[in-house]
Amino acid sequence: MDAYADITGAIGPTVERLAKASAKSEYGSNPDYYHPSPARVKEMMTTLKETLFPEFFSLGSKLSAYAAGMNLESVGLEILNHVARTDGSADAAAVARSFVDSLPDVKLILLTDLEATYAADPAATSIEEIGFCYPGFLAMLHFRIAHELYKRNVRWLPRIITELAHSATGIDIHPGAQIGEYFSIDHGTGIVIGETCIIGHHVKLYQGVTLGAKNIPFGLHGSAAKTRRHPQLGNHVTVYSNATILGPVTIGDRSVVGGNIWVTRDIPEDAKVLQNRPVEERFIDGSGI
């Protein structure tokens, strides 16, 4: 009983200290402050996935026109409500309508990603297996949807959507990246693609690849941070596992970057960047050590 009293007696002072700490924070102090519920965003993504690819994400292989319409209406209203509450200067209805109108094109480009992944992976037994099982496709599905919202300057939702995929797959793609058609990810764990990356068509990345930025001045935000600070990959580029490409460098068309390579300079077209061959030496009875 004394232990119980000790705990309950400490709560009051702790609440007071917490209130003082919260008073020092400017975040959320506005009584009209609004932020989206991650749970609702996850629910919205479930609806979108079932609508775009019912063969992979719903109980049936097809969705009736009525069910698809109801799903899209639900998503549109969710976007409208979010934009209206986070950006008073935006035409929320126009943003929501434009986003919903983009979804057929999103599916078409995702179909090219499926095709590219299947063509590049001899272990894949079917397109369906990729849709059901492959983390790279799930990450790209989230990214393609988030990118459409990002282009329309919707706050928070794009990043929440890509972070849901990041948590599930270990693949971290910023919604601001520009990624062309027929993009494939092999394995995928540990891939990082930064905000200002530009990636061409028919590009393949293996696990652990970083397309990142060099260190920037602390506190750099806004338009200054939007200048290109990440790599640009041309068409038909392959980057093997654990390669790191940093800064606003350009990797030319049809080039190959080998595994465990560190790249901070431009690479021309049709080039191969590989590690030096290992040097083999034989040490006998400790000699040479």
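Quick caveat, the model's predicted, so the values are computed rather than measured.
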Per side chain to side chain contact (heavy atoms under 4.5 Å, CB included), Y206 is matched among I191, T238, T189, V257 by T238

Could you tell me whether the side chain of E269 and the main chain of R254 form a donor-acceptor pair under 3.5 Å? no

Examine distances only and state if a side-chain atom of N235 and a backbone atom of H201 form a donor-acceptor pair shorter than 3.5 Å. yes

For a 4.5 angstrom cut-off between non-hydrogen side-chain atoms, does [X] reach [Y]?
| X | Y | answer |
| --- | --- | --- |
| E195 | R229 | yes |
| T196 | Q178 | no |
| P268 | S255 | no |
| L48 | F57 | no |
| P38 | E163 | no |
| L211 | H230 | no |
| K107 | P104 | no |
| Y34 | N81 | yes |

Hphob cluster co-occupancy, [X] + [Y], side-chain heavy atoms under 4.5 angstrom:
| X | Y | result |
| --- | --- | --- |
| I199 | L108 | yes |
| L205 | V256 | no |
| I109 | L233 | no |
| I261 | V239 | yes |
| V192 | V203 | no |

With side-chain contact (heavy atoms from CB on, under 4.5 Å) as the criterion, how do K49 and H142 come out once you've worked through the C-alpha distance, each side chain's angles and the decisive distance to 0.1 Å? CA-CA 9 Å; K49 288 187 285 189; H142 277 243; 3.5 Å; yes

Rounded to the nearest 0.5 Å, what separates atom [atom1] in [X] from atom [atom2] in [Y]?
| X | Y | atom1 | atom2 | answer |
| --- | --- | --- | --- | --- |
| I251 | Q232 | CD1 | CD | 10.0 Å |
| N71 | E50 | CG | CD | 7.0 Å |
| I198 | I193 | CD1 | CD1 | 13.0 Å |
| L72 | L77 | CG | CG | 11.0 Å |
| I79 | S98 | CD1 | OG | 11.0 Å |
| L141 | L114 | CG | CG | 8.5 Å |

Which pair of heavy atoms, one from [X] and one from [Y], lies closest together, and at what distance?
| X | Y | result |
| --- | --- | --- |
| A92 | A84 | CB-N, 3.7 Å |
| G180 | D113 | O-OD1, 4.4 Å |
| P135 | T169 | O-CG2, 3.6 Å |
| E55 | L52 | OE1-O, 4.5 Å |
| P36 | L157 | CB-CD2, 4.1 Å |
| P175 | R159 | CD-CD, 3.9 Å |

Using atom types as modelled, flag every donor-acceptor pair under 3.5 Å from a side chain in residues 243-250 to any protein atom, sequence neighbours excluded.
none

May I have the step-by-step check of side-chain contact (heavy atoms from CB on, under 4.5 Å) for T51 and L63, ending in yes or no? CA-CA 7 Å; T51 305; L63 203 64; 4.3 Å; yes

Please, which pairs that meet ring pair (Phe, Tyr, Trp, His ring centres under 6.0 Å) have at least one residue in [range], sequence neighbours excluded?
| range | answer |
| --- | --- |
| residues 166-197 | Y150-H174, Y182-H202 |
| residues 242-267 | none |
| residues 92-135 | F56-F132 |

Using a strict 4.0 Å threshold on nitrogen-to-oxygen distance, state whether D186 and K204 make a salt bridge. yes

Count the heavy atoms belonging to other residues, nucleotides or ligands that lie under 6.0 Å from CD of E43, then report whether that count exceeds 12. no

Let's go through I171 and L138 carefully: what are the C-alpha distance in whole Å and the side-chain angles of both, what is the deciding distance for side-chain contact (heavy atoms from CB on, under 4.5 Å) to 0.1 Å, and is it a yes or a no? CA-CA 10 Å; I171 299 169; L138 180 63; over 6 Å; no

For H147, give me all partners under ring-ring contact (aromatic ring centres under 6.0 Å, His included), at least two apart in sequence or on another chain. F143

Mind checking what makes side-chain hydrogen bond (donor to acceptor under 3.5 Å, both in side chains) contact with K151, not counting sequence neighbours? E148

side-chain contact (heavy atoms from CB on, under 4.5 Å) between L164 and V41, worked out: CA-CA 9 Å; L164 287 172; V41 177; 4.3 Å; yes

